[in-house]
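Below is one structure, written out as structure tokens, with a few remarks after it.
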Amino acid sequence: VQLQASGGGLVQPGGSLRLSCAASGTSLNGGTIAWFRQAPGKEREGVSALRRGDSRKYYSDSVKGRFTISRDNAENTFVLQMNNLNPGDTAVYFCAASRFGKIASAWSRRDQYEFWGQGTQVTVSS
């Protein structure tokens, strides 16, 4: 599976960005797509995930209510809509994929994902 992330950039606090992750190479039916982020000097953390089998969505507490994960019209393109951004959201964002559906206790663990895309920088600053 190849993952291509795009959509990062510079935005002012309170603004919005839309990240996309295009997956190719094999079917991810029944699997999970996730977004992680890594800020300078910090561990990579799970932001959100979408379990394809039943469209179950997961969010970290820090982004709940502001970010929305979804599948775009294209079969293997996934979107992270980020609203009301703040400087704490500044990080490199990565999309990741697993061929397996994840449960609530596992979705945010890095070791649960077999495939990773390159990162896209998101900077929130005035």
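These numbers come from the heavy atoms of this one structure, side chains and all, not from hydrogens, waters or symmetry mates.
Side chain of S108 to backbone of G46: no donor-acceptor contact under 3.5 angstrom is found. Although no hydrogens or angles enter the test, the distance criterion places no donor-acceptor pair under 3.5 Å between the side chain of K57 and the main chain of R51. Using a distance-only test at 3.5 Å, with no hydrogens or angles considered, a donor-acceptor pair links the side chain of T90 to the main chain of V124. Listed for the Q4 side chain is no donor-acceptor partner under 3.5 Å among the backbone atoms of G117.
The OG1 atom of T68 sits 11.5 Å away from the CG atom of L50 when rounded to the nearest 0.5 Å. Atom CG in L17 sits 8.5 Å away from atom OG1 in T120 (nearest 0.5 Å). To the nearest 0.5 angstrom, I33 atom CD1 is 10.5 Å from R71 atom CZ. Annotation: the span from S70 atom OG to Q81 atom CD amounts to 8.0 Å, rounded to 0.5 Å. Rounding to the nearest 0.5 Å places CZ of R52 at 10.0 Å from OG1 of T32. With rounding to the nearest 0.5 Å, the separation of CG in N76 from OG in S24 is 8.0 Å.
Take F94 and apply the ring-ring contact (aromatic ring centres under 6.0 Å, His included) test, not counting sequence neighbours, and it matches no residue. Under the rule for a ring-ring contact (aromatic ring centres under 6.0 Å, His included), F67 has no partner lying at least two apart in sequence or in another chain.
V1 and L19 fall within the same hydrophobic cluster, defined by Ile, Leu, Val, Met, Phe, Trp and Tyr side-chain heavy atoms under 4.5 Å apart, directly or through other members. V47 and F36 fall into different hydrophobic clusters, where Ile, Leu, Val, Met, Phe, Trp and Tyr residues are linked whenever their side-chain heavy atoms come under 4.5 Å apart, directly or through other members.
Sorted by first and then second residue, the disulfide (SG to SG under 2.5 Å) pairs with a member in residues 82-126 read C21-C95; sequence neighbours excluded. For residues 77-88, the set of pairs meeting the salt bridge (charged side-chain N to carboxylate O under 4.0 Å, His left out) definition, not counting sequence neighbours, is empty. Legend: ring pair (Phe, Tyr, Trp, His ring centres under 6.0 Å) pairs involving residues 44-63, not counting sequence neighbours, sorted by first then second residue: Y58-W107. Annotation: salt bridge (charged side-chain N to carboxylate O under 4.0 Å, His left out) contacts involving residues 115-126, sequence neighbours excluded, are absent.
A heavy-atom distance below 4.5 Å is not found between the side chains of Q112 and F100.
A side-chain donor-acceptor contact under 3.5 Å links T123 and Q121. In the model, K64 has no side-chain atom that pairs as donor or acceptor with a side-chain atom of S60 under 3.5 Å. In the model, N83 has no side-chain atom that pairs as donor or acceptor with a side-chain atom of R18 under 3.5 Å. Side-chain contact of S98 with E114: a donor-acceptor pair under 3.5 Å is present, judged by distance alone.
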Checklist entry - Step by step, would you call M82 with Y93 a side chain to side chain contact (heavy atoms under 4.5 Å, CB included)? => result CA-CA 12 Å; M82 306 186 297; Y93 284 70; 3.9 Å; yes

Next on the checklist: If you apply the rule side chain to side chain contact (heavy atoms under 4.5 Å, CB included), what do you find for F115 with R99, and how did you get there?
Outcome noted: CA-CA 9 Å; F115 310 104; R99 290 164 294 179; 4.0 Å; yes

Item to check | Audit row: Q12, S126, side-chain hydrogen bond (donor to acceptor under 3.5 Å, both in side chains) steps and yes/no | outcome: CA-CA 5 Å; Q12 293 187 339; S126 55; over 6 Å; no

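Here R109 pairs with D111 in a salt bridge; the nearest charged N to carboxylate O distance falls below 4.0 Å.
A49 approaches Y113 most closely through the heavy-atom pair CB-OH, 4.0 Å. Contact detail for N84 and D89: the closest heavy-atom pair is O-OD2, 4.4 Å. The shortest heavy-atom contact between R37 and A91 is CB-CB, 3.8 Å. Counting all heavy atoms, side chain and backbone alike, A23 lies closest to L3 at CB-CD2, 3.5 Å. Shown here for W35 and V79, the closest heavy-atom pair between the two residues is NE1-C, 4.2 Å. Counting all heavy atoms, side chain and backbone alike, V122 lies closest to G8 at CG2-CA, 4.1 Å.
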